[in-house]
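In what follows, a single structure is set out as structure tokens and then discussed.
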Protein chains: 2
Amino acid sequence: MPTTTSQFLNGVPELLVLRLLRDKEMYGYELVEAIRAASNDNLSFAEGVIYPVLHSLERDGALSTRRQTVNGRSRVYYSVTPTGKDRFNDLLAHWQHLQSTIATIVKAPHHA
Amino acid sequence: MPTTTSQFLNGVPELLVLRLLRDKEMYGYELVEAIRAASNDNLSFAEGVIYPVLHSLERDGALSTRRQTVNGRSRVYYSVTPTGKDRFNDLLAHWQHLQSTIATIVKAPHHA
DNA sequence: TCTATTACCTATTAACTCTAGGTATAATGC
DNA sequence: GCATTATACCTAGAGTTAATAGGTAATAGA
């Protein structure tokens, strides 16, 4: 039974990639910097993390690509498809649900 | 370079185990049910997840054990050591930091 | 007596992340 | 002119964790 993300955890790189690309299309290298910047250096995923995420999201139809050469360097711009928007909404809901469940447990005064 | 938890993610089972055991000692089977109950059935980690977590926490000195036979069935009660309390505080701080970073990014109006 | 529940456990598989590379062009410093 | 850094892409392999799928044994209940 292959689950898209592990039942509860992980999927944070994917969530952030979809979130940032929802604002505007970006190429991989740009995204890596954008995540670092958006998180005030709290989070930093290396290229070796981001590129595979981009490829698998594209394979799943969540992202579409456009190739462009700028200053002699080839860039691959990614943008979010309708499928990708759905995927993001699902991931976000999932994350928020998990987060609030954990917060509740952690803050509970005492567990019988 | 072996990291205790992956740099950012995971560690949720461990966090919950330490949190619940901080309230009172429990045995493994009981913990599995307690997590499910505390989360209102939103989270459920199978025994195959919880037992290995307990064993590795014990190996690390975060939990101590006490064996007792009740109704002919042998139980292993776990309780949190001072090391375990530190570990929990670290994990919690880590989790909350991650969570708030992600929340900020997700809610941001627009990313340049 | 047969099944479900309690209570423990491990091994294998799967998933994801992280590190560590590797290629190539352009820009910068010396 | 040459070396280094920055830009921009990529993949393979390792490491960690979680999920599944078993397996043992005793008790309780139907």
Side-chain angles (χ1 to χ4, degrees), chain A residues 1-18 25-37 43-60 63 65-78 87 91 94-95 98 102, chain B residues 1-18 25-37 43-60 63 65-78 87 91 94-95 98 102:
Chain A
M1 196 187 299
T3 45
T4 34
T5 62
S6 106
Q7 197 110 37
F8 302 116
L9 285 26
N10 299 67
V12 169
E14 203 179 309
L15 180 72
L16 297 182
V17 162
L18 287 169
E25 65 167 12
M26 290 188 195
Y27 52 99
Y29 191 84
E30 186 184 10
L31 242 183
V32 168
E33 293 305 312
I35 289 174
R36 185 205 305 280
L43 247 41
S44 180
F45 296 101
E47 295 169 52
V49 174
I50 297 305
Y51 284 115
V53 167
L54 289 171
H55 298 160
S56 85
L57 284 173
E58 187 191 8
R59 257 199 311 280
D60 295 350
L63 297 178
T65 59
R66 178 172 75 77
R67 265 143 230 279
Q68 188 178 350
T69 298
V70 179
N71 295 336
R73 289 193 205 88
S74 159
R75 294 177 179 172
V76 183
Y77 283 89
Y78 291 87
R87 173 89 157 245
L91 275 177
H94 189 261
W95 172 261
L98 172 67
I102 291 174
Chain B
M1 196 186 298
T3 46
T4 34
T5 62
S6 114
Q7 197 110 35
F8 302 116
L9 285 26
N10 300 65
V12 169
E14 203 179 309
L15 180 72
L16 297 183
V17 162
L18 287 169
E25 65 166 12
M26 291 187 195
Y27 52 98
Y29 191 84
E30 185 183 10
L31 243 183
V32 169
E33 292 306 310
I35 289 175
R36 185 206 306 281
L43 247 43
S44 180
F45 295 102
E47 294 168 53
V49 174
I50 297 305
Y51 283 115
V53 167
L54 289 170
H55 298 159
S56 85
L57 284 172
E58 187 190 8
R59 259 198 311 279
D60 295 350
L63 297 178
T65 59
R66 177 173 75 78
R67 264 143 231 279
Q68 188 178 350
T69 298
V70 179
N71 294 336
R73 290 192 205 88
S74 160
R75 294 175 179 172
V76 183
Y77 283 89
Y78 291 88
R87 172 91 155 242
L91 275 177
H94 190 263
W95 172 260
L98 173 66
I102 292 175

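Bear in mind that the values here come from a model prediction, so they are computed numbers and not experimental data.
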note = From OH of B:Tyr77 across to P of C:dT6 the rounded distance in Å is 14 Å
ask   = Side-chain N or O of A:Tyr51 less than 4.0 angstrom from OP1 or OP2 on D:dC9?
value = yes
ask   = Does C:dC8 have OP1 or OP2 sitting under 4.0 Å from an N or O in the side chain of B:His55?
value = no
CG on A:Leu57 to OG1 on A:Thr65, rounded to 0.5 Å = 12.5 Å
inquiry  = Expressed as a whole number of angstroms, how long is the span from B:Leu31:CG to C:dT6:P?
reply    = 15 Å
task = Give the rounded distance in Å between these two atoms: CG of A:Leu54 and P of D:dC10.
result = 8 Å
task = Taking only the side-chain nitrogens and oxygens of A:Arg73, find out if one of them lies under 4.0 Å from OP1 or OP2 of D:dT7.
result = no
request  = Taking the side chain as every heavy atom from C-beta outward, state whether A:Leu63 and A:Leu18 have any atom pair closer than 4.5 Å.
outcome  = yes
query = Counting N and O atoms only, with roles assigned by atom type, does the side chain of B:Glu14 sit under 3.5 Å from a partner on the main chain of B:Gly11, one being a donor and the other an acceptor?
reply = no
key: Nearest-nucleotide comparison on DNA chain D, the residue closer to the 5′ end among A:Val49 and A:Val70   = A:Val70
task = Would you please classify the geometry between the B:Tyr77 ring and the B:Tyr27 ring as parallel, tilted or perpendicular, with 30° and 60° separating the classes?
result = perpendicular
Spacing between A:Arg36 atom CZ and C:dC18 atom P, to the nearest angstrom = 13 Å
query = To the nearest angstrom, how far is B:Arg59 atom CZ from D:dT17 atom C1'?
reply = 13 Å
ask   = So what does B:Glu47 hit on the nucleic acid, given a heavy-atom distance under 4.0 Å: a base, only sugar-phosphate, or nothing?
value = base
Distance below 4.0 Å between B:Tyr29 side-chain N/O and C:dC8 OP1 or OP2 = no
task = Could you check how far CD of A:Glu30 sits from P of D:dA6, rounded to whole Å?
result = 18 Å
key: Protein-nucleotide distance (B:Glu25, atom CD; C:dA7, atom C1'), rounded to Å   = 16 Å
query = What integer distance in Å separates B:Leu57:CG from D:dA18:P?
reply = 10 Å
task = Using the closest heavy atom to pick a nucleotide of DNA chain D for each, name whichever of A:Gly48 or A:Arg75 lands nearer the 5' end.
result = A:Arg75
task = Give me the ring orientation class for A:Tyr78 and A:His55: parallel if the planes are under 30° apart, tilted from 30 to 60°, perpendicular past 60°.
result = tilted
